[in-house]
Protein chains: 2
Amino acid sequence: MERVTIYQVAEAAGVSVATVSRALNGGPVAPETRERVLAAVRRLGYRPDRLAQGLATGKSRTVGVVIPDATGPLYGRMQRGLADALAAAGFGYIATESRRDPGREEALLDEMLSRKVEALVLVGSGLAPEALKARFGRLPPVVLIEREGGEAGVPTFQIDNEGAAYRATRHLVEAGHRRIAHIRGLRRAGREREAGYRRALAEAGLAPGPVVDGDFTEAGGYRATRALLATGGFTAVFVANDRMALGVYRAAFERGLRIPGDLSVVGFDDLAFAAYLTPPLTTLKQPAHRLGFLAGEAVLALLGGRKPTGRVLPCGLKVRASVKHVEGGAV
Amino acid sequence: MERVTIYQVAEAAGVSVATVSRALNGGPVAPETRERVLAAVRRLGYRPDRLAQGLATGKSRTVGVVIPDATGPLYGRMQRGLADALAAAGFGYIATESRRDPGREEALLDEMLSRKVEALVLVGSGLAPEALKARFGRLPPVVLIEREGGEAGVPTFQIDNEGAAYRATRHLVEAGHRRIAHIRGLRRAGREREAGYRRALAEAGLAPGPVVDGDFTEAGGYRATRALLATGGFTAVFVANDRMALGVYRAAFERGLRIPGDLSVVGFDDLAFAAYLTPPLTTLKQPAHRLGFLAGEAVLALLGGRKPTGRVLPCGLKVRASVKHVEGGAV
DNA sequence: CATAGCTATGTAACCGCTTACAACCGCAAG
DNA sequence: CTTGCGGTTGTAAGCGGTTACATAGCTATG
């Protein structure tokens with residue numbers, strides 16, 4: 001009982017392999033014949049060989065996905081969104097982590113192209129489009145999520161980092177804060193968030209508070225906060241992500257500062273833990289699943305010959321208890 | 001400039017396709033010829049077609065991985081370990097989420113078999129081995145990680161849930177606690193952790209404290225704690241995972257209870273946030289990457305015809321500040 | 001010097017499936 | 001009774017590799 005091939009099904013059903021193939025793929029086949037074929041398929045437990053199909057048709061019904069890091073919940077949700085969109089169309093996907101290493105990313109792409117993926121979804125890719133062209137020549141359709149660097153003529157999906165940061169900062173301003181610090185994040189997302197922060201402040205006629213660098217980790221947020229606290233002069237801080245915000249909580253506690261009593265905090269991402277911190281963290285919720293889903297739909301559109309366009313999605317502000325309303329104004 | 005095939009390389013190098021194939025796969029080829037072939041490969045940008053290779057050889061150099069949930073950091077790390085082990089041997093993998101739905105899991109397996117995966121790594125699979133056999137007949141080699149349910153003759157890798165829970169509970173006992181509650185987790189991991197908890201207590205001659213069900217989420221931990229607090233009578237709680245422990249923190253705070261002053265807590269997993277909570281959470285660190293790596297090595301061994309055996313890995317206790325040393329003993 | 005034995009290479013079959021093309025059928029129309 | 005046509009089905013040629021087998025040079029041997 002080795003692998004069952006289409007030949008065996010053909011023989012069992014008393015037809016030719018062409019007819020079996022047609023019966024299975026919706027070709028013109030007499031209903032009665034189709035029934036016989038399907039019965040044989042079931043009886044024998046036939047399962048078409050995707051590799052052979054791919055070879056014959058030139059299409060693999062697979063899309064390649066590259067994500068920077070599989071350990072974060074956000075990318076996991078994105079991936080799930082993608083899978084949901086693709087599954088509906090009978091597409092599978094192979095996903096791998098670039099770990100933010102461009103060399104590794106190129107190798108992964110090579111591997112995926114070898115597997116004849118019909119499209120590529122690059123999440124937070126570190127590769128410039130021109131570099132891609134140069135290295136790979138003709139590429140299958142590409143969809144970008146949260147790409148770093150320059151523009152390209154390909155659909156790109158991303159969250160509105162700038163707008164969300166603006167909103168978060170404004171939330172702080174409206175609560176009466178006048179000196180608002182910022183713990184900055186890395187990469188494009190970090191820069192965009194910083195820009196939103198600055199815009200909100202400028203619009204309110206406030207000087208940007210102290211700004212320090214973070215690295216998107218708890219430890220980074222902790223260190224950044226200690227640096228910030230060394231100089232002081234602010235009553236609130238907008239932190240570029242929740243993980244760093246947790247570092248802020250910790251550092252503030254160690255300094256005997258109360259949140260939000262002495263320091264108001266707004267994070268970014270709305271990770272699962274945010275709502276359960278003490279105090280619950282006000283933050284921005286990323287529509288990660290949606291991002292992935294839309295990217296998946298775009299892939300399908302591209303494959304269908306259409307010309308989908310990218311989107312910038314807003315993030316919802318989740319107001320919780322880490323921001324204090326300041327009555328008097330500036331401290 | 002369409003796809004470059006082995007024929008074009010052969011022509012460019014002035015040899016036959018067989019020679020190209022051999023040159024590329026380490027067959028017997030004169031060094032000088034090999035050079036010519038490789039030069040042609042580079043010049044043309046030839047990239048072998050994995051599908052065709054797979055068809056011809058019957059092997060896809062791919063392993064299929066099924067994980068329950070891609071959004072958790074633990075599975076992400078496991079996956080990374082696996083990838084690391086497999087990459088060294090030139091194997092790729094395709095990973096998908098079962099989302100703990102056995103029906104979905106079966107469909108995924110079907111899909112993977114269609115793609116001729118050479119081995120399967122099932123993480124936290126809900127499918128019994130017998131069910132697998134019944135449904136799929138001959139299966140490629142299988143390696144299990146954290147499997148649910150019965151035994152099988154396949155290498156299985158898992159963490160020592162029972163032992164780790166025992167150690168955690170003992171840590172509490174040694175700190176002088178006499179009434180230790182437990183917030184239980186779901187599935188096999190949850191049951192095993194509960195068993196370790198009970199063993200430690202029995203060994204110390206203590207009655208198991210109140211035990212309530214949780215669901216491994218922050219909300220579940222929160223609810224469980226409120227249920228626990230309604231009756232009271234304990235000074236410490238061993239929580240089946242960190243996410244629920246966070247719920248415990250929250251519920252305790254709302255009740256005005258201090259950790260560890262009024263309530264000591266030990267978690268499980270050592271997620272990134274654990275060290276930054278206030279107080280930092282004492283918990284058990286899962287060797288997730290290692291688990292994946294070992295599973296990957298086992299796959300390779302299986303494929304190499306060897307007969308690898310599974311492993312049960314210990315978890316390290318990370319002692320932080322959420323457990324109070326009780327001087328007097330029972331409260 | 002004929003022959004066995006290597007080594008390096010080419011020829012062609014095959015992997016499992018799709019699909020262009022041809023063949024066949026029955027039937028309505030001319 | 002031809003002819004044409006739409007609907008079904010079969011034949012066979014790929015898809016891009018790998019590999020068993022045959023072949024051709026060379027060298028070592030008796």
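Computed from heavy atoms alone, side chains included, the values below leave out hydrogens, waters and symmetry copies. All values derive from a computational prediction rather than experimental measurement. Reminder, nothing fancy here: chain letters follow the sequence lines and each chain counts from 1.
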Decide, yes or no, whether a salt bridge links [X] with [Y] under the criterion of side-chain N to carboxylate O below 4.0 Å.
X: B/E106; Y: B/R135; value: yes
X: B/D84; Y: A/R99; value: yes
X: B/R100; Y: B/E105; value: no
X: B/R80; Y: A/E97; value: yes

Please tell me which of the listed nucleotides, [options], lies nearest to the side chain of [X]?
X: B/L55; options: C/dT9, D/dG16, D/dG14; answer: D/dG16
X: B/A52; options: D/dG16, D/dG14, D/dT11; answer: D/dG16
X: A/T19; options: C/dT9, D/dT9, C/dT18; answer: D/dT9
X: A/V17; options: D/dG16, C/dT18, D/dA20; answer: C/dT18

Heavy-atom nearest nucleotide on DNA chain D for A/Y7 versus A/R34: which residue maps closer to 5'?
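Per heavy-atom nearest nucleotide, the more 5' residue is A/R34.
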Mind calculating the distance between [atom1] ([X]) and [atom2] ([N]) to the nearest angstrom?
X: B/E11; N: D/dG17; atom1: CD; atom2: P; answer: 15 Å
X: B/E32; N: C/dT7; atom1: CD; atom2: P; answer: 19 Å
X: A/Q8; N: C/dC15; atom1: CD; atom2: P; answer: 11 Å
X: B/R61; N: C/dC15; atom1: CZ; atom2: P; answer: 21 Å
X: A/N25; N: C/dT18; atom1: CG; atom2: P; answer: 5 Å
X: B/K59; N: D/dG17; atom1: NZ; atom2: C1'; answer: 16 Å
X: A/Q53; N: D/dC15; atom1: CD; atom2: P; answer: 18 Å
X: B/L44; N: D/dG16; atom1: CG; atom2: C1'; answer: 15 Å

What is the nucleic acid contact for [X], judged by heavy atoms within less than 4.0 Å: base, sugar-phosphate only, or nothing?
X: B/A30; value: sugar-phosphate
X: A/V15; value: sugar-phosphate
X: A/S21; value: base

Return yes if a side-chain donor-acceptor contact under 3.5 Å exists between A/Q53 and A/R61, otherwise no.
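Checked: A/Q53/A/R61 side chains show no N/O donor-acceptor pair below 3.5 Å.
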Side-chain donor/acceptor contact of B/R50 with base of D/dG17 under 3.5 Å:
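No pair found.
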Quick one: is [N] close enough that its OP1 or OP2 comes under 4.0 Å of any side-chain N or O from [X]?
X: B/T5; N: D/dG16; answer: no
X: A/S16; N: D/dT11; answer: no
X: B/Y46; N: D/dG17; answer: yes
X: B/T33; N: C/dA8; answer: no

Name all residues meeting the side chain to side chain contact (heavy atoms under 4.5 Å, CB included) criterion together with A/R34; count only those two or more places apart in sequence or in a different chain, and write none if there are none.
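Only A/A23, A/V29, A/L38 meet the side chain to side chain contact (heavy atoms under 4.5 Å, CB included) criterion with A/R34.
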